[in-house]
Amino acid sequence: MSTKHCLLLLAFVSIIVLTVSAFPLEREKSLAIIREINRRGPYLALITVFPTEEYAFFSSAPFINDSKFPYVDLSGRRFRVGMVEDKKVIYVRCGVGMVNAASATQQMVDLFNIKGMIHFGISGNTNSSLCIGDVTIPKEFANTGLWDWLKSNETIPENDVAELNIENYNVPNRGYNSLGRIGYRAEQFYSEGGEPNSAQLMLWFQVTNNWLQLATTLQGMKLERCVNASVCLDTDPKVVIGLRGSTANTFVDNASYRNFLFLNFGVSSADMESSAVLMTSLSNGYPVIIFRGLSDLAGGQNGHNTVRLFGSLAASNVAKVVLQFIKLLPNEAHFQF
C-alpha cells in the first residue's frame, strides 16, 4: 500500500473514531444537565406523539420555559422543561408507535425526577355513540396487537382472550380463507411490586383511579367544534370519562375491524401509543392518566378518513382538556395515588 493510501486510511479511521467518541460526550453533557434539572423537581411528565398534537398544546398552553435549562436533548428527543398552570413539567414528543411510546416513558422515569405521567393525543373513534371532536379519558386500555396468527384449522390457544376468524369476512360468502385466524394474547406484565422475572398475564391496564375521579369534574367543558369558518362539526364535542381504549401498532381505518374491536373488547378509541405509556408507567410504579381526542371514525365513515381534516381540532380539544386537568391538580399533593 502506498504512503498516500496509508494516510487516507488513517484520516478515514480518525474521522470515525472522533465521530463515535462525540456521542458519549454529548450524552454525558445531557446527563449533567438532567442532574441539574432534577434538583428542581419533582416534575409532572407530559407526553404527546406527533407534531400536530405538540403544536396544539403549545398554542394553548401558558408554557413558561425554565430560565436556565429550557430543554435537554437526549437520544434524539427534546425534553422541554418549564411551568404550566403553576406546575413544574417536563414535556416530550415520543413519536408514533408503541416502541417509541414505551422508550420515551422509560426515559422519563429512569432519568428525570418525575412523580406522575400525563399522556395525550388524538385517536380513532370505535364507538358509534361518540363523535369526532369528543375527548375521551378512558379508565383502562388493552394492547390489541399481540397476536397468534394461525392456520384456518388451528385451535386458538386457551390463554388467548379473543378470536378474529378471517373467513367470516369473505365476500360474497363465508368459506375457507388462507389467511386463517388470529388469536389475541394478554400482556406479560412485569412490575416493581411483582417477583423478579415473574410476569403476570394482564389484558386491561387501568389509569390511576384518583386522577380519573378528579377528571370527572371536566365533564361539561365547552370544546371547539370548528376547524375554521367553513369547516365545523354537526354537534358540540364533549368530554367522556371511564370508557375503554385499545392500542396496537396499526392505524385502524377499516369499518369491519372497527366493529370487531368494539364488539369483542368494548373499546371506544383506537390509537398506537396509550397502552405502552400506561403499562410502562404502572410497571415502574408511577401514577398515570390518558386523554385522547377523537379525530376520525376508524373506517366507519363514508369516503376518506377525516384525520387530516379534523386531526388539528381533536388535538386542540384534547390539549384544552389536559390544561384544565393540570390546573385542577393541587400544588403539593398532585402526585398522590
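The shortest distance between side-chain heavy atoms of Val239 and Ile137 falls below 4.5 Å. Taking 4.5 Å as the limit, every side-chain heavy atom of Asp66 sits out of range of all side-chain heavy atoms of Ile37. Within the 4.5 Å cutoff, no side-chain heavy atoms of Met279 are placed close to those of Leu282. Side-chain contact between Ser283 and Phe189 is present, with at least one heavy-atom pair separated by less than 4.5 Å. Taking 4.5 Å as the limit, every side-chain heavy atom of Phe120 sits out of range of all side-chain heavy atoms of Ile47. Two residues are said to be in side-chain contact when any heavy atoms from C-beta on lie closer than 4.5 Å; Thr208 and Ile289 fail this criterion. Side-chain contact between Ile90 and Leu46 is absent, with no heavy atoms from C-beta onward closer than 4.5 Å. Contact annotation: the side chain of Phe57 never approaches that of Ser60 to less than 4.5 Å [non-hydrogen atoms, C-beta and beyond].
Salt-bridge formation is detected for the pair Arg39/Glu36: a Lys NZ or Arg NE/NH1/NH2 atom is positioned less than 4.0 Å from an Asp or Glu carboxylate oxygen. Salt bridge annotation for Asp253-Arg258: absent, with no cationic side-chain nitrogen under 4.0 angstrom from a carboxylate oxygen.
Rounding to the nearest 0.5 Å gives a distance of 6.0 Å between OH of Tyr286 and NZ of Lys115. The CD atom of Gln301 sits 5.0 Å away from atom CG of Asn305, with the distance rounded to the nearest 0.5 Å. A distance of 8.0 Å separates CG of Leu164 from CG of Asn264, quoted to the nearest 0.5 Å. The structure places CG of Leu74 at 13.0 Å from NZ of Lys29, a figure rounded to the nearest 0.5 Å.
Between the side chain of Asn259 and the backbone N or O of Ala255 there is at least one donor-acceptor pair closer than 3.5 Å. A donor-acceptor contact shorter than 3.5 Å is absent between the side chain of Asp160 and the backbone of Ala162. No donor-acceptor pair under 3.5 Å is formed between the side chain of Asn65 and the backbone N or O of Gly82. Side chain of Gln219 to main chain of Thr216: a donor-acceptor pair is present (N/O by atom type, distance under 3.5 Å, no hydrogens or angles). Between the His119 side chain and the Val277 main chain, no donor and acceptor come within less than 3.5 Å of each other. Without hydrogens or angle criteria, Asn113 side chain to Asn38 main chain gives a donor-acceptor distance under 3.5 Å. A donor-acceptor pair under 3.5 Å is formed between the side chain of Ser246 and the backbone N or O of Ser269.
Residue Phe63 places its CZ atom among more than 12 non-hydrogen atoms of other residues, nucleotides or ligands, all under 6.0 Å distant. Other residues, nucleotides and ligands place no more than 12 heavy atoms under 6.0 Å from the CG atom of Asp234.
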Evaluate Tyr184 against Phe260 for ring-ring contact (aromatic ring centres under 6.0 Å, His included), listing each step before the verdict.
CA-CA 12 Å; Tyr184 289 75; Phe260 172 86; 5.6 Å; yes
Working for salt bridge (Lys or Arg N to Asp or Glu O under 4.0 Å), residues Arg308 and Asp296:
CA-CA 9 Å; Arg308 288 182 175 83; Asp296 59 273; over 6 Å; no
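For the residue pair Gln200 and Ser191, no side-chain donor N or O sits within less than 3.5 Å of a side-chain acceptor on the partner. Defined by atom type and a distance below 3.5 Å, a donor-acceptor pair is missing between the side-chain atoms of Asp271 and Ser123. Counting only N and O atoms by type, the side chains of Glu187 and Asn143 include a donor and acceptor under 3.5 Å apart. A donor-acceptor contact closer than 3.5 angstrom links the side chains of Arg77 and Asn100. A donor-acceptor pair shorter than 3.5 Å can be found between the side chains of Arg292 and Ser274. Between Tyr190 and Ser198, the side chains place no donor N or O within less than 3.5 Å of an acceptor N or O (distance only, hydrogens not considered).
Phe265 and Ile166 end up in the same hydrophobic cluster when Ile, Leu, Val, Met, Phe, Trp and Tyr side chains are linked at under 4.5 Å. Cluster membership check: Val318 does not share its hydrophobic cluster with Leu313, using side-chain heavy-atom separations under 4.5 Å among Ile, Leu, Val, Met, Phe, Trp and Tyr. Placement of Val240 and Ile118 in two distinct hydrophobic clusters is found when ILVMFWY residues are connected by side-chain heavy-atom separations under 4.5 Å, directly or transitively.
Within the structure, side chain to side chain donor-acceptor pair (under 3.5 Å) contacts touching residues 147-157 (residues at least two apart or in different chains) are Asp148-Arg185. The disulfide (SG to SG under 2.5 Å) analysis of residues 177-244, with sequence neighbours excluded, yields the pairs Cys226-Cys232.
A cation-pi arrangement, defined by a distance under 6.0 Å to the six-membered ring centre and an angle within 45 degrees of its axis, is present between Arg78 and Tyr71.
Nearest heavy-atom pair, Ser59 versus Tyr55, reported as atom, atom and distance to 0.1 Å: OG-O, 2.7 Å. Scanning all heavy atoms of the two residues, the minimum distance from Pro138 to Gly245 falls at CB-N, 4.2 Å. Minimum interatomic distance between Val227 and Ser312 (heavy atoms only, all atoms of both residues): CG1-OG, 4.2 Å. Among all heavy-atom pairs drawn from Met98 and Ser275, the shortest one is CE-OG, 3.4 Å.
Aromatic ring centres of Phe79 and Phe112 lie closer together than 6.0 Å.
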